[in-house]
Amino acid sequence: MNFENSISFAKRLDRTDPLKSFRQKFHLPKLKGKPALYFTGNSLGLQPKATKSYLNQELSDWANLGVEGHFHAKRPWLYYHKFSKKALADLVGAKPIEVVAMNQLTVNLHLLMMSFYQPTQSRYKILTEAGAFPSDQYAFESQLKLHDIHPEDGLLELKPRKGEVILRTEDIIKAIEANRDQLALVIIGAVQYYSGQFFDIKSITEASHRAGAHVGFDLAHAIGNVPLSLHKHEVDFAVWCSYKYLNSGPGGVAGAFVHEKHANKPDLKRLTGWWGHNEKERFKMKKGFIPMPGVDGWQLSNFPVLSGAAHLASLQLFQEAGIKNLRKKSVLLTGFLEYLLTSIEKYNDYFAIITNSNADERGCQLSILMKKNGKKVFMSLTRAAVIADWREPDVIRIAPVPLYNTFEDVFRFVEIFRDTLIRTQ
Ligand SMILES: *Cc1c(COP(=O)(O)O)cnc(C)c1O
């Protein structure tokens with residue numbers, strides 16, 4: 001599309017946006033009484049207006065039914081993990097048997113690494129992107145130590161080429177092939193939280209399997225942001241959280257994917273709990289664990305219904321909007337942001353956009369590397385009621401989210417940003 005640098009153009013895009021009605025389904029935050037420009041759906045998604053009634057349903061069922069709610073609540077609590085399967089399967093490109101809502105992201109990462117990282121004397125290395133999210137780094141390090149492997153020996157952290165920020169797919173493939181005899185697991189943040197790079201899941205998965213390694217993806221910044229095809233691409237496992245693009249509230253219930261090809265392997269090593277046990281026998285309280293087929297067999301505990309209710313409220317909106325339609329708008333919205341930013345006079349003196357310029361290789365987020373006065377600019381944005389995200393040492397992350405952000409939001413942000421740059425130089 002040929003963008004134009006004007007508010008009337010932004011408003012025209014909003015008027016013709018087929019998803020425009022979704023913004024009204026969210027609570028839009030204020031900053032000191034002023035309506036905020038919100039660009040941190042990559043950190044905490046906004047609250048759908050329907051969330052309260054989903055929660056109230058569970059609160060009143062609990063109040064009125066007590067323990068009987070397990071069977072007689074409007075959505076019986078005993079089966080609550082099943083109610084999100086269809087929506088989650090659509091979001092990650094999976095079959096319902098391959099996805100489940102459970103626990104928290106880092107917990108799920110550990111649980112699935114327990115199964116899919118089974119090092120041997122010769123094949124024990126984990127390959128990941130350098131600068132992975134800290135929680136993931138700690139998880140990798142502790143998993144290696146659990147197996148008495150020194151992280152410096154066992155962890156391969158892939159860095160971009162000198163002077164580059166983005167990892168090239170060809171370099172990832174090369175690194176996988178170079179370590180083919182020692183590689184046990186490749187695990188990558190599908191959309192990198194810092195740079196915003198959307199990795200080539202298909203090529204990385206194929207290369208990992210050719211090398212004889214398992215492959216997993218952390219979808220924290222990918223789910224609800226970009227369409228995925230985990231089943232088709234034969235990814236072994238994936239994990240995600242639900243409070244970022246999935247708008248399910250702070251600390252909301254997370255999720256996991258295990259490919260169908262691993263669905264019926266009771267011997268696969270795993271940490272177990274009663275909710276992963278054959279549901280027909282779950283309440284017989286017998287000895288001897290028999291896993292549910294599919295990813296359900298990795299569940300440990302009974303389901304967190306209250307956070308699951310908030311999850312369902314938001315997933316319903318994704319079902320209505322459709323991830324493919326959202327992506328279509330997202331590409332335009334972020335493209336518009338990029339166009340306006342790079343239209344700022346001498347923008348190169350102030351900042352560089354480090355996120356991939358190819359729309360297929362990024363989600364909605366653009367990471368802006370500030371060349372001077374970054375923190376000052378960021379604080380000044382906050383004073384102007386722009387809610388953005390600061391990452392030390394010098395990056396401002398802006399995520400226009402297609403469910404609730406508008407082209408006008410993007411236009412107004414860039415106006416404020418440009419004025420701030422000029423004032424703080
Ligand atoms: C947000 C995020 C996390 C957070 O982990 P929790 O277990 O949900 O606290 C972990 N990894 C990545 C890549 C993230 O973006």
Side-chain angles (χ1 to χ4, degrees), residues 39-46 84 88 91-92 99-114 116-117 126-143 155 157-158 165-167 172 185-199 201 204 215-226 228 230 235 237-257 271 298-301 304 306-308 310-311 314 354-355 362-367 387-392 395-399 401:
F39 293 107
T40 44
N42 56 349
S43 184
L44 188 78
L46 293 181
S84 51
L88 290 173
L91 286 175
V92 302
V99 293
V100 74
M102 62 180 187
N103 311 313
Q104 296 292 321
L105 187 159
T106 310
V107 174
N108 291 340
L109 183 56
H110 275 298
L111 287 178
L112 295 181
M113 283 184 77
M114 278 300 194
F116 294 102
Y117 177 60
I126 299 173
L127 185 140
T128 188
E129 87 268 20
F133 194 88
S135 198
D136 302 46
Q137 292 186 35
Y138 306 144
F140 305 153
E141 189 184 319
S142 59
Q143 286 281 335
L155 190 61
E157 298 179 297
L158 267 190
V165 185
I166 294 308
L167 267 169
I172 303 173
L185 176 66
V186 175
I187 173 117
I188 306 272
V191 172
Q192 223 282 339
Y193 84 97
Y194 182 80
S195 68
Q197 176 173 14
F198 178 22
F199 288 100
I201 292 180
I204 293 172
V215 57
F217 288 91
D218 183 330
L219 306 181
H221 283 262
I223 191 166
N225 180 15
V226 289
L228 298 158
L230 301 187
V235 170
F237 73 93
V239 294
W240 56 85
C241 55
S242 70
Y243 48 81
K244 292 174 179 167
Y245 294 105
L246 293 190
N247 313 313
S248 301
V253 65
F257 163 93
L271 296 178
W298 274 268
Q299 296 173 102
L300 297 180
S301 301
L306 294 181
S307 87
H311 198 30
S314 176
I354 59 173
T355 308
R362 68 185 183 202
C364 73
Q365 170 190 323
L366 292 184
S367 302
I387 305 183
D389 176 88
W390 174 255
R391 286 291 124 169
E392 293 293 346
V395 162
I396 297 173
R397 299 186 306 171
I398 301 291
V401 167

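Just follow the structure's listing: the first ligand is 1, and inside any ligand the first atom is 1.
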N/O pairs closer than 3.5 Å, ligand 1 and protein:
| unit_1 | atom_1 | unit_2 | atom_2 | d |
| --- | --- | --- | --- | --- |
| ligand 1 | 5 (O) | T106 | OG1 | 3.4 |
| ligand 1 | 7 (O) | T106 | N | 2.9 |
| ligand 1 | 7 (O) | T106 | OG1 | 2.6 |
| ligand 1 | 8 (O) | Y243 | OH | 2.6 |
| ligand 1 | 11 (N) | D136 | OD1 | 2.6 |
| ligand 1 | 11 (N) | D218 | OD2 | 3.2 |
| ligand 1 | 15 (O) | H221 | NE2 | 3.2 |
| ligand 1 | 15 (O) | K244 | NZ | 2.5 |

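Taking the side-chain contact (heavy atoms from CB on, under 4.5 Å) definition, one finds that I172 meets it with L158, L167, I176, F199, I204, sequence neighbours left out.
Between atom OG of residue S195 and atom CZ of residue R391 there is a gap of 13.0 Å, rounded to the nearest 0.5 Å. To the nearest 0.5 Å, atoms CG (L230) and CG (L219) are separated by 5.5 Å.
In this structure, the side chain of S142 engages the main chain of A139 through a donor-acceptor pair within 3.5 Å. Between the side chain of S367 and the main chain of T355, no donor-acceptor pair closer than 3.5 Å is present.
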side-chain contact (heavy atoms from CB on, under 4.5 Å) between I126 and M113, worked out: CA-CA 10 Å; I126 299 173; M113 283 184 77; 3.7 Å; yes
